[in-house]
Structure formats: structure tokens, C-alpha cells
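Worksheet for the structure shown next.
Quick note on labels: first sequence line is chain A, next is B, and so on, each numbered from 1.
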Amino acid sequence: MAAHWPDDIMKKVVALCKRRGFVFQSSEIYDGLKSAYDYGPLGSELKRNLMNEWWADMVTTRENVVGIDASIIMKADVWRASGHAAGFSDPLVDCFISKERFRADKAPRPEAGADLPILCADKGQAKSYQALIQKMHNIELSRSGKELAGLRVSDDGKHVEFNGTALVDYSGYVSPCIGSPFLSEERSFNLMFKTNIGAVDPMNDASQTLAELSAAEDLTAAIQERFAGNCKRKDAPITKALARVSDGAVPEKDVRAFLIRAVIEQITFNSTVYLRPETAQAMFVQFKNVMETSGQKPPFGIAQMGKSFRNEVTVEHFIFRSCEFEQMELEFFCEPGTQLEWMEYWKDQRMNFWKRYANYPDEFMFRKHEDDELAHYADGCYDVEYKYPWGWDELEGIASRTDHDLHEHEIHSGTKLRYVDQEKEDPETGKKPWSYRPFVIEPSAGATRGLLVYLLDAYHEETRTDAKGKEVTRTVMKFHPKLAPIKCAVLPLVGKDGMPEKAREIIASMQAAGIPAKYDQKGSIGKRYAKHDEVGTPSCITIDGQTLEDGTVTIRDRDTTEQVRITIDQIIPRVKAQLGL
RNA sequence: GCCGGUAUAGCAUAGUGGUAAUGCAACAGCCUUCCAAGCUGAAGACGAGGGUUCGAUUCCCUCUACCGGUUCCA
């Protein structure tokens, strides 16, 4: 944990966010909505500042990167091509004993005839699991320390046995945590937010159709009759479902529910759209349009910032992992063979970016993905990690995705997604021109995670002794001036003697110079300083009696609390310099 | 999801089977010449639903949300 943090840093940051209007819980007056957050007056400024910095760094200061702003609602075909519709529907399984939830495809797979020891965390847990299994299956496993023995996979691999008697069906795997074979059915993980486009709710049609079909004696025949037209299409949900049923792939008891589900899917098929689970796909899908209209050619990038939506297995740590989040992504298209050099380049660029605005740059690091951790199409991936209060965790992923995405969209859409290089020879044929699908480097950052990182990085508590000898704590958010939601506060020392008027005058001149300055007259001067420390305002200008006499003001630094007296015409250049304008 | 914990005003704490107190903050005003000063005033809460009860914020159940663990991602 960083030295500048108190123990309960998360609690304090969350409280400050609410108290000062950075982040509120969504739908709070209706009891709140899980894992959704609203950014208040200061939070929306902070987020906008961060995202503007990213956009400036990635797009407006580079000749070979252009931006897009795509629709959040995208056609289902996009997600079938990207693999999100299928590949992300990971089969999840619950262990009835330990209650853990895990991915079936990642679980250990003891073979036929193997013993199935259940390994618990400690003796107490072993005892309670032993009792639970006895209650559920009426068997007593032998316990040795924290291990329970007696179960094995039958020789044909179909059952879990105890003393030669089949107890339950064997799923082919056991739970990763304790090795239990007492598991629920596989259920797919609903990654994407699905919705329907169109003014008429497709559920009207679905319920009507189901009411008619469910009256039929032979459901399969009734479906075939009702969907005769759709059944001719091989990729129609109803066609696939009927085929699975006739293959016997669906257990008898589940057939009816399975078919009813397929009917609903068929009816909603054409109106189904998804909220994007990542901003990346639009950049692949619009690759051709963007390249042709912007005059770009590889190496070049398409950048996008915006919201994405995922149903998470678990949401946690405030805004760190939420269902609705905001991304800042670049897809950088380059010549095949040059991708790893570009990855090194973007790694540096991105790490420099995060460190630039941080008080503690050493709390960022790279983590290289091991080969077995990489997606099958990727040929390299680094995460930028931050040292959160709960440990190192991800902030940005920089992946080398080969030409996988463009390739998939070529296949699914039938549109060529290539660049034709007139100057170069195709390495395979040796002939000009070279038509290739660019390889892609993808630096994909979480904007809302970045926000959390800088909230944590900025949070400081300083204890000092006040005039009465009492210990007081100063909470100060040491935001980088570029990120600070309020850039400068102008404070009349007291609300009379022409000080407010003078302050308003100064604010008007600052705003005319492009500095968003805020007026604040509420409460004593000390309170106002404390409040602006807490929201991270880098400097406060104070108008006092002397201002009216000689045209000087004091300017106070947030981090040191030191004040210097300057003339009014020095204010703008000084504040501008601090903001890097 | 699951396990454990929590839920009283914006925040922090009281308290009670007969609907709630205090401090800070916020708001209006007065006063105030540099680091959360003072005075006055007004406002604001028992997370939601159900049950037991004459009566529930308090006891019971359910739900919702949050925090900590467990697993997927930006």
C-alpha cells in the first residue's frame, strides 16, 4: 500500500466522492442500482479532463491517428463475428458444496477411474463439507486432516462413485477450489446487454405465438408449420434448435423449454441488437470507411472513447469494475511483421501518459501476459497495472491482436478489409502490389478506472497542529492541474468593502483568457481553503483589503498551502503556466 | 452469483416495542481582514415490502443496496 494512504482509503475516497459531488450511486433515491454510478459536477469535469487529455495525446497531436464516435447499439452480426456472442457465453458452473462459481472450460478434469479427493482449506471446513455431503447423498467420506476421500470417477467416466456405487453423473471436471464433483448444470454467462430495436415490443408477437403453439399437441410439428419460412435458413435459431432436438442432443425433459426458448429467439432475431461490450469493434467494422475517407494508410490508428457495457460475474471496488464503463481505445493498424515494434512503441507511450499525471509514478507497472493467458489470436499482451488498495490490478491492456478481427469481419461480412500497398511486393508472391490485412496493436484503457486511479493517487491526509494546539487533518486531493475539476478559485476575504466586486472582475478577465475560474464567498476563508483542497483546486486567489489599495492579491498553492502576493496582471500568466496553457 | 458483515439526516455517532437526539456539513441572515471562528433562523433520517403486535425504527421473514472475501474483464 502506498505510504500516503490511510488504511481505509477506499471508504474515504468513496465518501469524499459523494460529499463533494464527484460520484453518486445511480438511482440512489430509489434504493440504488447495483454497480452503476453517476458522475456529479466535479466528477464529470474530472472524467472529461482525463478523457480530453487522452484524446489530445492520442489523436489531435498525431498525424497518423484519427478518431471516430460510433453508435453504442450495434447489430448482432458484429458480435457474432467478433466472437462476443458465442465465445463470451462462458459456461459457468456452481459447486453445491463450496458454493464457488467457476468456468467449466477452465476446471480440472480428472480422468475415468481417477480418485476424487476433496481438498478443503482447513480441518473445520472439511468437517462441515463432510456433513453437508452426508446430508445430500447419505454417504460418509473418510476424513484425513483437511482432505475427504472415498469418491472416484467410474471406469466408464460417466458417474461419480462411492464404494462402487454410482452417486451422481460425472460432468467431466471438478470444482477448481476443492475438487468437488457435486456440481450444477452448466449455464452460459450472459455477457452482453441485449435489447430490441423497433417501436413494437417483440414480446407482443412472442407471447401471442407461444399462446397458440402451446395449445398444440405436437409442439415440434406446430413450430415447423408456424416457422416454415424461417426453417429454410440454416442460421435461423429455430432451424438450429430443431436440428439439435432431432439429433437427440437435448435431454427429453428439457426439450419443451428448449423449443420455447428457440421460438422467442426466432421471433426477436431480427430486432435483437446489443449494447457494445467494447468500443473496439466499431473501429474494425469502419476500418475501410475511415481509411478511405481520411486519406490514412498503415501505419495509422483509429481512436475512440465511450461507454461499453458488460454483465460482470462480479462487480466490485466502487467504479473499478461496473457493468457500464467507459473506454479509451486505439486500434493501430500496421504492416504484418512490424507489430511487435509498434507494440513496444505504444507501451512506452501509454505508460508515459499514465505517469505524467500521477504523484506516484512508481505505482504503475507492466505485467506481461504469459503465453497460456493470451487469446488464441494474440501474439503478445501487456497490462498497465496500478497498485490499488487491494493490490496490483489492471488499468489498461496493450494487445497485439494480429489481423484476427479484420479477418473475422472479412469472413462474416464478405467485405475486403485490406490495404493495397502499390510500392511493396507481396512477400509470398514477390509481386507488386501487396494487398494485406493490417495487423493491429490495441491499447485499450479504462477511462473510469483511470478516474479511480487518479482519485486514489491524489488522496492525501495531512495532520498538523492548529492555532489552538489541536490536531487537525487536512484532506487534499493533489490532482494534476490538467485534471483538476476546478482550475482556480477566486475568493474575497470578506463579503464587503468592494472585495466581491473586485473578485468578480478578476474572474471575468480570467474566463476571457480561457481559464475556468470559480467564485466562492461562502463561509470563512479557512473553510473555503479547506474545501478547495478537498476538491483539488490547484490555486486560490484571495482578494483582501490591500488589493483595493495597491492592486495585489495573494495566490495560495494547494499542495504547500503557501501564499505569495502578486499583482492582478500577474494572475493570468501565472495560472496559465501552472495549467500548461 | 455464493459466503460473511452492514443499513438511523449529506457525513459521523446516539437511542427506544409508544415515530427519534447530538456534532460537523449544507441553506438563509448577521458578524468576520488569511487556513474548517462565532451568533440567529429554517430545513433534513429510522433502505423497501410483508409478518407478529393495540402500536414496529426496534422482534421475525423477504427484497434492495453497500463493504470484505471468492471468480471473469477495461
(message) Against A:H460, only a single residue in A:W5, A:Y360, A:F479 fulfils ring-ring contact (aromatic ring centres under 6.0 Å, His included); can you say which?
(response) A:Y360

(request) Starting at atom CD of A:E316, determine the distance to atom P of B:G68, rounded to an integer number of angstrom. (result) 8 Å

(request) Rounded off to whole Å, could you give me the CD-to-P distance for the A:Q521 and B:U32 pair? (result) 14 Å

(message) Does a side-chain N or O of A:K522 approach OP1 or OP2 of B:C27 to a distance below 4.0 Å, or not?
(response) yes

(request) Write down the distance separating the P atoms in B:C66 and B:G15, rounded off to the nearest Å. (result) 28 Å

(message) Need one value for A:T542: base, sugar-phosphate or nothing, where a base atom within 4.0 Å counts as base even if backbone is also close, heavy atoms only.
(response) base

(message) Check whether A:Y39 forms a cation-pi arrangement with A:K47 (NZ or CZ under 6.0 Å from the six-membered ring centre, at most 45° off the ring normal).
(response) yes

(request) Using a 4.0 Å heavy-atom cut-off across all strands, classify A:R20 as base, sugar-phosphate, or nothing. (result) base

Compile the donor-acceptor pairs under 3.5 Å between side chains in residues 172-180 of chain A and protein atoms, sequence neighbours left out, one pair per line.
residue	atom	partner	partner atom	Å
A:Y173	OH	A:E186	OE2	2.8
A:S175	OG	A:E100	OE2	3.1
A:S175	OG	A:G179	N	3.4
A:S175	OG	A:S180	N	3.0
A:S180	OG	A:F182	N	3.1

(request) Using the P atom on both, measure B:A20 against B:A25 and round to a whole Å. (result) 26 Å

(request) Working to the nearest 0.5 Å, report the span between CD of A:E370 and SG of A:C381. (result) 11.5 Å

(message) Taking the side chain as everything from C-beta on, heavy atoms only, tell me whether A:V575 gets closer than 4.5 Å to A:I555.
(response) yes

(request) Using a 4.0 Å heavy-atom cut-off across all strands, classify A:R556 as base, sugar-phosphate, or nothing. (result) base

(message) Salt bridge check, A:K527 against A:D520: does any charged N sit closer than 4.0 Å to a carboxylate O?
(response) no

(message) One thing to verify: whether A:E461 and A:R474 come together as a salt bridge, which I'm taking to mean a side-chain N less than 4.0 angstrom from a carboxylate O.
(response) no

(request) Could you work out which one of B:U33, B:A65, B:A36 sits closest to the side chain of A:Q25? (result) B:A65

(message) From the set B:U33, B:A74, B:C66, return the single nucleotide nearest to any side-chain atom of A:R449.
(response) B:A74

(request) List for me each residue that meets side chain to side chain contact (heavy atoms under 4.5 Å, CB included) alongside A:A445, sequence neighbours excluded, and say none if there are none. (result) A:M328, A:R350, A:W354, A:E396

(message) Within the 4.0 Å heavy-atom criterion, would you say A:L491 contacts the bases, only the backbone, or no part of the nucleic acid?
(response) nothing

(request) Write down the distance separating the P atoms in B:G44 and B:A37, rounded off to the nearest Å. (result) 26 Å

(message) Could you tell me how far apart A:I178 (CD1) and B:G69 (P) are, to the nearest whole angstrom?
(response) 21 Å

(request) Could you measure between the two P atoms, the one in B:G41 and the one in B:C35, and give it in whole Å? (result) 28 Å

(message) Students often get this wrong, so: under 4.0 angstrom with heavy atoms, is A:G495 touching a base, only sugar-phosphate, or nothing?
(response) base

(request) State which of B:C67, B:C35, B:U33 makes the closest approach to the side chain of A:T561. (result) B:C35

(message) Counting only side-chain nitrogens and oxygens, does A:S444 get under 4.0 Å of the OP1 or OP2 atom of B:A74?
(response) no

Contacts under 3.5 Å, N or O only, protein and nucleotides 2-13 of chain B:
residue	atom	partner	partner atom	Å
B:G10	O3'	A:K18	NZ	3.4
B:C11	OP1	A:K18	NZ	3.2

(message) Using heavy-atom distances to pick each residue's nearest nucleotide on RNA chain B, tell me which of A:Q563 and A:G446 is more 5'.
(response) A:Q563

(message) I want to check something: taking the side chain as every heavy atom from C-beta on, are A:F333 and A:I302 in contact at a cut-off of under 4.5 Å?
(response) yes

(request) Given salt bridge (Lys or Arg N to Asp or Glu O under 4.0 Å), test A:D379 with A:R401 step by step and report yes or no. (result) CA-CA 7 Å; A:D379 67 353; A:R401 298 177 64 87; over 6 Å; no

(message) If we check ring-ring contact (aromatic ring centres under 6.0 Å, His included) with A:F318, which of these qualifies: A:Y37, A:Y388, A:F22?
(response) A:Y37

(request) Provide the distance between the two C1' atoms, one in B:A56 and one in B:G18, to the nearest whole Å. (result) 10 Å

(request) Would you mind classifying the nucleic acid contact of A:T279 as base, sugar-phosphate or nothing, using non-hydrogen atoms under 4.0 angstrom? (result) nothing

(request) State whether the distance check finds a donor on one side and an acceptor on the other, under 3.5 Å, for side chain A:R474 versus base B:C35. (result) no

(request) Scan A:G397 against the nucleic acid and name what it touches under 4.0 Å (heavy atoms): base, sugar-phosphate only, or nothing. (result) sugar-phosphate

(message) Give me the distance, rounded to whole Å, that separates B:A9 from B:U57 when you measure between the C1' atoms they each carry.
(response) 14 Å

(request) With C1' as the reference atom in both, quote the distance from B:A74 to B:G5 in angstrom, rounded to an integer. (result) 29 Å

(message) Just to be sure I understand the rule, does A:M499 reach a base, reach only the sugar-phosphate, or reach nothing, if contact means heavy atoms closer than 4.0 Å?
(response) base

(message) Check this for me, if you would: do A:E501 and A:R504 make a salt bridge, where the nitrogen-to-carboxylate-oxygen distance has to be below 4.0 angstrom?
(response) no

(message) Under the criterion of centre distance below 5.5 Å and interplanar angle below 30°, is A:F325 classified as stacked on the base of B:A74?
(response) yes

(message) Both A:D497 and A:A447 contact RNA chain B. Which one's nearest nucleotide lies toward the 5' end?
(response) A:D497

(message) Given the ring of A:F364, does A:K387 sit roughly above its face, with NZ or CZ under 6.0 Å from the centre of the six-membered ring and within 45° of the axis?
(response) no

(message) Assess whether a salt bridge exists between A:K368 and A:D383, defined as any Lys/Arg side-chain N lying under 4.0 Å from an Asp/Glu carboxylate O.
(response) no

(message) Using the P atom as the point on both nucleotides, what is the distance between B:U16 and B:U58, in whole Å?
(response) 14 Å

(message) Could you check whether A:K478 pairs with A:E462 (Lys NZ or Arg NE/NH1/NH2 to Asp/Glu carboxylate O, under 4.0 Å)?
(response) yes

(message) Taking any heavy-atom pair under 4.0 Å as a contact, classify A:T547: base, sugar-phosphate, or nothing.
(response) nothing

(request) Quick one: the dot-bracket string of RNA chain B, using Watson-Crick and G-U wobble pairs with both distances under 3.5 Å, [ ] for crossing pairs and | for bases paired to another strand. (result) (((((((..((((....[..))))..((((.......)))).....(((((..]....))))))))))))....

(message) Once you apply a heavy-atom cut-off of 4.0 Å, does A:Y386 come out as touching a base, just sugar-phosphate, or nothing?
(response) nothing

(request) Grab the CD-P distance between A:Q304 and B:A74 for me, whole Å please. (result) 16 Å

Give me the distances for all protein-to-nucleotides 38-44 of chain B N/O pairs that come in under 3.5 Å?
none

Nucleotide N/O of nucleotides 46-49 of chain B paired with protein N/O under 3.5 Å:
residue	atom	partner	partner atom	Å
B:G47	O2'	A:D31	OD1	3.0

(message) Check A:K502 with A:E505, please: is the shortest side-chain N to carboxylate O separation under 4.0 Å?
(response) yes

(message) Rounded at 0.5 Å granularity, tell me how far OH in A:Y529 sits from OG1 in A:T542.
(response) 2.5 Å

(request) To the nearest 0.5 Å, tell me how far A:T279 OG1 sits from A:D69 CG. (result) 10.5 Å

(message) Tell me whether the side-chain N or O atoms of A:E442 pair up with the base of B:A74 as donor and acceptor below 3.5 Å, since no angle test is needed here.
(response) no

(message) Would the base of B:C34 count as contacting A:T554 through its side chain, where contact means a donor and an acceptor less than 3.5 Å apart?
(response) yes

(request) Would you mind classifying the nucleic acid contact of A:E312 as base, sugar-phosphate or nothing, using non-hydrogen atoms under 4.0 angstrom? (result) base

(message) Check the phosphate of B:U32 against A:K496, side-chain N and O only, distance under 4.0 Å to OP1 or OP2. Yes or no?
(response) yes

